[in-house]
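In the text below, chain A, chain B and the rest are named by the order of the sequence lines, each starting its count at 1.
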There are 2 protein chains.
Amino acid sequence: MGLRETKMERTRRFIAESAFDLFVEQGYDATTIEQIAAAAEVGTRTLYRYYATKEALVVSFVENGLDAAMAAFLAQPDETPLSEALYAVVDSVEQTIGANSARLLALYDIFDKTTGLRAGLADLCWSWRQRLAEEILRRQGGTGDVLHAALTAASTMNVVEVVVQTWTANAGGVEVADIIRETLELLRTKAIPFPTPAGWRRRVSSARRAP
Amino acid sequence: MGLRETKMERTRRFIAESAFDLFVEQGYDATTIEQIAAAAEVGTRTLYRYYATKEALVVSFVENGLDAAMAAFLAQPDETPLSEALYAVVDSVEQTIGANSARLLALYDIFDKTTGLRAGLADLCWSWRQRLAEEILRRQGGTGDVLHAALTAASTMNVVEVVVQTWTANAGGVEVADIIRETLELLRTKAIPFPTPAGWRRRVSSARRAP
DNA sequence: GGTCATATGACAGTGACTGCCACATTTGCT
DNA sequence: AGCAAATGTGGCAGTCACTGTCATATGACC
């Protein structure tokens with residue numbers, strides 16, 4: 001790697017770091033781009049070449065975590081059952097949280113103190129879910145059902161979101177591993193009720209008793 | 001209802017209407033707030049009292065649909081099985097789409113032509129999911145599992161999102177009712193694989209074979 | 001060491017959004 | 001009807017995120 005790229009990587013990190021510190025210290029809204037640029041010792045125009053928006057400065061941290069999770073999923077060989085490959089995602093999230101718990105708590109504190117920041121996070125989850133759906137479909141060799149892939153991706157993402165949310169709601173006082181175990185246990189033992197039109201209930205339940 | 005409120009309601013509607021027309025005509029980004037205010041015959045300052053942000057002008061349409069869906073859910077008596085009450089949500093969405101299909105297609109066209117608008121939509125879905133989870137929990141008399149309620153809400157929302165997305169992806173060429181039927185059929189017949197650690201596979205599958 | 005590519009930063013400008021204040025309209029009371 | 005309080009309206013000035021442009025500086029390659 002050339003000197004140039006090394007330097008840029010360092011500035012990139014330094015900018016996010018400075019921004020994060022300022023956000024923690026005086027809040028997201030109260031912090032201007034100019035202040036961040038000054039703290040990071042770059043011009044505002046340069047800052048914008050590294051991070052397209054102010055939001056991106058915060059979201060990038062979560063983005064890194066999700067990228068790691070996606071990588072963990074893609075690293076699974078195609079022979080592994082899908083459910084295990086999906087577990088790699090959850091596992092990666094656990095590791096990420098475990099490795100940066102203090103930082104992440106501060107991060108999520110910024111998130112819910114600032115209405116409007118959540119939108120960026122929600123959007124990130126959304127596009128990530130899209131990508132996961134595509135990967136699941138590709139993994140099944142294109143023979144799979146698009147709808148089914150979308151639902152699978154969405155439901156995995158739900159697990160991640162619920163886990164993270166539960167963890168932050170408890171201010172990190174509960175082990176992530178425990179939350180994950182509990183959530184997956186719940187999914188295994190207690191069916192999630194899905195929408196069912198009134199008329200079909202009898203037919204369905206009798207069909208289920210009939211093999 | 002007083003004269004004042006009637007008038008305000010009308011302006012509110014007129015503003016959104018004018019904004020929508022302009023967005024369709026010349027694109028979201030290319031339309032300024034001043035133009036919208038001019039078209040709606042109000043001052044910009046007044047416009048902001050009705051819609052807090054430019055984004056809200058677009059999102060409000062979806063918000064109305066989701067509000068109707070929530071109302072449909074809340075209208076279900078507590079005795080109805082949860083799965084049927086959740087169906088009321090899906091059903092409401094179907095009705096909304098059926099009643100405004102042309103308008104909604106134009107709306108979603110704006111959404112995916114404009115990067116950054118999606119965030120508002122994603123956030124709306126997110127907060128709506130939260131509300132649904134709370135209502136599910138309350139419906140079960142507080143005895144229910146928070147995690148389970150969250151997962152149920154999320155998975156219902158997934159159905160809605162997948163249905164709407166499939167419908168817009170087909171540019172309205174497929175009946176919403178068919179998409180819904182197919183999606184629910186899929187959920188009924190084909191289990192969604194959830195994350196499972198590698199070691200547990202045998203134990204689980206053998207447990208399942210042992211009634 | 002010279003040259004080319006590319007990163008930087010300053011400047012001016014646009015547009016979303018806000019606080020403030022004077023003005024107009026509705027409402028409620030007599 | 002008429003007055004007063006409450007509340008909606010709109011203009012103006014100002015802040016701040018963000019962008020296009022261009023001169024300058026700096027690492028990369030020969």
Side-chain angles (χ1 to χ4, degrees), chain A residues 1-20 22-23 25-60 110-111 113-121 123, chain B residues 1-20 22-23 25-60 110-111 113-121 123:
Chain A
M1 183 190 286
L3 171 59
R4 200 167 203 145
E5 291 174 24
T6 312
K7 224 174 170 179
M8 284 181 70
E9 189 110 356
R10 193 171 42 204
T11 3
R12 182 181 175 78
R13 216 184 302 270
F14 190 50
I15 291 173
E17 215 66 37
S18 310
F20 186 80
L22 283 172
F23 291 157
E25 191 182 326
Q26 54 185 17
Y28 177 82
D29 285 330
T31 305
T32 69
I33 292 284
E34 268 187 59
Q35 289 176 347
I36 300 170
E41 294 160 3
V42 292
T44 64
R45 201 62 187 82
T46 304
L47 188 151
Y48 275 111
R49 288 209 187 81
Y50 284 93
Y51 296 93
T53 66
K54 189 179 177 185
E55 235 185 48
L57 283 164
V58 186
V59 173
S60 68
I110 298 174
F111 268 114
K113 261 188 202 152
T114 320
T115 36
L117 247 190
R118 254 201 352 238
L121 187 59
D123 185 49
Chain B
M1 182 188 288
L3 171 60
R4 200 166 203 144
E5 292 173 25
T6 312
K7 226 174 169 179
M8 284 182 69
E9 189 113 354
R10 194 171 42 204
T11 350
R12 183 181 174 79
R13 216 182 301 270
F14 191 51
I15 290 174
E17 215 66 37
S18 311
F20 185 81
L22 283 172
F23 290 157
E25 191 182 325
Q26 54 184 13
Y28 178 82
D29 286 329
T31 306
T32 69
I33 292 284
E34 269 187 55
Q35 289 176 348
I36 299 170
E41 294 159 5
V42 293
T44 63
R45 200 64 188 81
T46 304
L47 189 151
Y48 276 112
R49 287 209 188 80
Y50 285 92
Y51 296 93
T53 66
K54 188 179 176 184
E55 232 185 50
L57 282 164
V58 186
V59 173
S60 68
I110 298 173
F111 267 116
K113 261 188 201 154
T114 319
T115 38
L117 248 189
R118 251 200 355 236
L121 186 61
D123 185 48

Atom-to-atom span, OH of A:Tyr48 to P of C:dC11 - whole angstrom = 17 Å
With a 4.0 Å cut-off on heavy atoms, is B:Thr6 in touch with a base, just the backbone sugar-phosphate, or nothing at all?
-> nothing
Between A:Glu5 and A:Lys54, whichever has its closest DNA chain D nucleotide further toward 5' is A:Lys54
When the distance from CD1 of A:Ile33 to C1' of C:dA10 is rounded to whole Å, what number comes out?
-> 17 Å
Kindly give the heavy-atom pair with the smallest separation between B:Ala16 and B:Leu57, and that separation in Å.
-> CA-CD2, 4.4 Å
Per B:Lys7 side chain, nearest of listed nucleotides D:dC18, C:dT25, C:dC17 = C:dT25
Rounded to the nearest Å, what distance is computed from the OH atom of residue A:Tyr51 to the C1' atom of nucleotide D:dA17?
-> 18 Å
note: A:Asp29, atom CG; C:dT18, atom C1'; distance rounded to Å ~ 13 Å
Indicate yes or no for a side-chain donor-acceptor contact from A:Lys113 to the backbone of A:Tyr28 under 3.5 Å, with no hydrogens or angles considered.
-> no
Side-chain heavy-atom pair B:Phe23, B:Thr114 within 4.5 angstrom cut-off = no
Can you name the residues that form a side chain to side chain donor-acceptor pair (under 3.5 Å) with A:Glu17, not counting sequence neighbours?
-> A:Arg103
Position toward the 5' end of DNA chain C (nearest nucleotide), B:Glu34 or B:Gly2 | B:Glu34
Quick one: what's the B/S/- string for nucleotides 4-10 of chain D, heavy-atom cutoff under 4.0 Å, read 5' to 3'?
-> ---BSBB
So which nucleotide from D:dA17, D:dG27, C:dA16 ends up closest to the side chain of A:Leu3?
-> D:dG27
Going by atom types alone, do A:Thr31 and A:Gln26 pair a side-chain donor with an acceptor below 3.5 Å?
-> yes
So which pairs with a foot in residues 33-59 of chain B pass ring pair (Phe, Tyr, Trp, His ring centres under 6.0 Å), sequence neighbours left out?
-> none
